[in-house]
There are 2 protein chains.
Amino acid sequence: MHVLIDYREITVQSLLMSLSGMKTPPVHVEVAHLPLGDFFLVSKDTGVLIERKSTSDFISSLRSSRLWDQLLRFMKASTLLGHPLKQKLLIVHGTFDREPPVSWPQIMGAYMEILFVYDIPLIVCEDDEALYQCLRILIKREAQGKNEVLPGSHWFRKHCSPSLPEMDLRRYVLASIPSIGDVLAENLLDHFGTIAAVAHATEKQLRRVEGVGKKKAEKIHSIFH
Amino acid sequence: MHVLIDYREITVQSLLMSLSGMKTPPVHVEVAHLPLGDFFLVSKDTGVLIERKSTSDFISSLRSSRLWDQLLRFMKASTLLGHPLKQKLLIVHGTFDREPPVSWPQIMGAYMEILFVYDIPLIVCEDDEALYQCLRILIKREAQGKNEVLPGSHWFRKHCSPSLPEMDLRRYVLASIPSIGDVLAENLLDHFGTIAAVAHATEKQLRRVEGVGKKKAEKIHSIFH
DNA sequence: GCTGTCATTGCGTGA
DNA sequence: TCACGCAATGACAGC
Ligand SMILES: [Mg+2]
Ligand SMILES: [Mg+2]
């Protein structure tokens, strides 16, 4: 992965140079003259273009049309240095001074213009560490193709995983079935002895357990079979 | 313009009630039971749906994976209460605690997942004033039609593909066993077909499944028997 | 989401 | 041919 940093980004150059220490993927960082944007991530044949704006620059350029001209070109660009642009990102870097007091209406209006009108993704990095990690993770995710996939499944994680006595563990597993709680799990284990036995029970056998009626018996049986 | 606030958003209800003082446009605020999201802006026949997450909830739902489940439903929705959804927005509300130190890699990775994979616009509102102004400006811009996207912006928003992942209870139950995650749960079910079959398998049979070796076979077997 | 740790796997080596 | 050890891979659990 190649990372190009615009030569005018002197304030963060040394910070970002250390991206070249990355192992996965190996990163080659160099300073270049970018016709557009501030950072450019190139891998294979596609690129990710990033514009960084310090908060003070962001605020002061809100009124001028310079910001919006710049963002318009940013938005419209489809290639850079011969590489098709796969992704674009605007980074707002720093915190907003409290003195003079921030004008949230202005800032929010600008954010919405950027997000909704220009349709450019926006991330605020409040300090150098955040900026560094933002780019590091972006590079990593790009290399793994994680920014292109469709949403995946995430509901398998356990709420808690007690490395507790085995008996509690069994109850816990049974209780992960909806409509089975701690009490029913215990009753089932008392009656059948093992989860395997519960799994093999017929609906009729399940109904003999205290707390299990027609509905629960059906549900339990249908999950196991 | 009607603003519906979900009844569970008690912490910001009083703050946002004062939106009803707006003149342009006149705003009617009410608390409602929203099946999805936290705030809903309705004007004419279209709506803007907003999900608010406090930073602490953001972090904890990130750790439990609740976040992705919620965002998937958020992303999938195309109408709410009969109104087609024109726009969606995720607001992260608050600042990240320095104690314990924030993990920027985690947060940046989550931001990128939200922006690039779930394709949901994101705004961070660091305090109540920012949140209030964010909504006020959003309402104002909506009423003026200022949030319409410019022609020539990049590509279309990823939307509700019919085949985004659905919950599979059997995998969920298997994955509640420690040392079994979503991958192994799927492999086991592919191989055995049902949980009952997994429960009855011998250690030797279990080891024939990809990803199951000596240790996991022992563990699985001992839980079921 | 990310990171560190550890289990599994497949391969290369020698008996 | 088989048993074993090793390194690379990949999954899980914890944060
Ligand atoms: Mg810049
Ligand atoms: Mg919420």
Side-chain angles (χ1 to χ4, degrees), chain A residues 21-25 121 123 125 129-130 132-164 169 172-173 176, chain B residues 51 53 55-72 74-75 90 92 96-120 122 124 165 171-172 174-191 203-223:
Chain A
M22 283 180 67
K23 287 293 174 192
T24 55
I123 289 183
C125 296
E129 174 67 9
Y132 177 82
Q133 296 296 348
C134 178
L135 287 170
R136 188 177 69 81
I137 296 296
L138 181 55
I139 290 166
K140 199 174 163 191
R141 289 177 59 95
E142 273 302 314
Q144 297 174 308
K146 282 192 177 178
N147 289 329
E148 294 156 280
V149 301
L150 285 174
S153 328
H154 284 278
W155 39 69
F156 302 100
R157 299 268 179 222
K158 331 176 202 331
H159 333 275
C160 54
S161 128
S163 328
L164 291 171
L169 213 51
Y172 175 76
V173 171
S176 77
Chain B
E51 168 69 34
K53 280 212 150 312
T55 47
S56 57
D57 188 32
F58 185 74
I59 298 285
S60 74
S61 67
L62 193 57
R63 294 190 171 169
S64 67
S65 288
R66 254 170 38 235
L67 178 62
W68 310 116
D69 186 27
Q70 284 177 227
L71 287 183
L72 194 61
F74 193 72
M75 178 195 188
L90 174 65
V92 173
F96 292 104
D97 292 336
R98 285 304 200 283
E99 209 58 53
V102 272
S103 167
W104 289 122
Q106 287 180 40
I107 291 169
M108 292 302 165
Y111 282 174
M112 285 169 203
E113 187 85 7
I114 292 165
L115 292 173
F116 299 142
V117 177
Y118 288 77
D119 204 16
I120 297 171
L122 170 74
V124 178
R171 269 204 279 173
Y172 178 81
L174 271 186
S176 75
I177 298 173
S179 81
I180 298 204
D182 51 353
V183 175
L184 239 62
E186 174 142 36
N187 289 354
L188 285 164
L189 284 172
D190 283 349
H191 190 265
E203 287 188 27
K204 205 163 277 181
Q205 291 168 327
L206 287 168
R207 290 192 59 171
R208 300 205 53 215
V209 177
E210 166 141 11
V212 179
K214 189 168 183 294
K215 295 240 178 175
K216 302 225 166 168
E218 271 172 24
K219 184 140 198 175
I220 295 169
H221 188 267
S222 82
I223 291 225

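Order of the sequence lines fixes the chain letters, A, B, ..., with proteins taken first and strands second; residue numbering starts at 1 for each chain.
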Proximity to the side chain of B:Gln106 - top-ranked nucleotide from C:dG1, D:dA11, C:dT3: C:dG1
Between B:Arg171 (side chain only) and B:Glu186 (backbone N and O only), is there a donor and an acceptor less than 3.5 Å apart? no
Tell me the interatomic distance from B:Glu210, atom CD, to C:dT9, atom P, rounded to whole angstroms. 7 Å
When rounded to whole Å, the CG to C1' distance for the pair B:Asp57 and C:dG1 reads 15 Å
Starting at CZ of B:Phe116 and ending at P of C:dG1, how long is that distance when rounded to a whole Å? 14 Å
Students often get this wrong, so: under 4.0 angstrom with heavy atoms, is A:Arg141 touching a base, only sugar-phosphate, or nothing? sugar-phosphate
Classify the nucleic acid contact of B:Ile107 as base, sugar-phosphate or nothing, counting any heavy atom under 4.0 Å across all strands shown. nothing
B:Leu184 atom CG is separated from D:dC12 atom P, nearest whole Å, by 5 Å
Selection from D:dC15, C:dT3, D:dA11 that lies nearest to any side-chain heavy atom of B:Arg63: D:dC15
How many whole angstroms separate atom CD of B:Glu186 from atom P of D:dG10? 16 Å
Classify B:Val209 by what it touches in the nucleic acid, base, sugar-phosphate, or nothing, heavy-atom distance under 4.0 Å. sugar-phosphate
Using the test salt bridge (charged side-chain N to carboxylate O under 4.0 Å, His left out), find all partners of B:Arg63 that sit at least two apart in sequence or belong to another chain. none
Residues B:Arg207, B:Glu203: salt bridge by 4.0 Å N-O rule: no
Rounded to whole Å, how long is the line connecting atom CZ of B:Arg208 with atom P of C:dT8? 17 Å
Are more than 12 heavy atoms from other residues, nucleotides or ligands located less than 6.0 Å from atom CD of A:Gln144? yes
Write down the distance between NZ (B:Lys216) and P (C:dT8), rounded to a whole number of angstrom. 6 Å
Of D:dA11, C:dG1, C:dT3, the nucleotide closest to the side chain of B:Pro105 is C:dT3
Think B:Lys215 has a side-chain N or O under 4.0 angstrom from the OP1 or OP2 of C:dA7? yes
Reckon A:Lys146 touches a base, only the sugar-phosphate, or nothing at all at heavy-atom distances under 4.0 Å? sugar-phosphate
For a quick test of reading the model: is some side-chain N or O of A:Arg136 closer than 4.0 Å to OP1 or OP2 of C:dT3? yes
Residues in ring pair (Phe, Tyr, Trp, His ring centres under 6.0 Å) contact with B:Phe74, at least two apart in sequence or another chain: none
State which of C:dC2, C:dG1, D:dC12 makes the closest approach to the side chain of A:Ile137. C:dC2
Could you check how far CD of A:Gln144 sits from C1' of C:dT3, rounded to whole Å? 12 Å
How is B:Leu67 classified with respect to the nucleic acid when contacts are heavy atoms under 4.0 Å: base, sugar-phosphate, or nothing? nothing
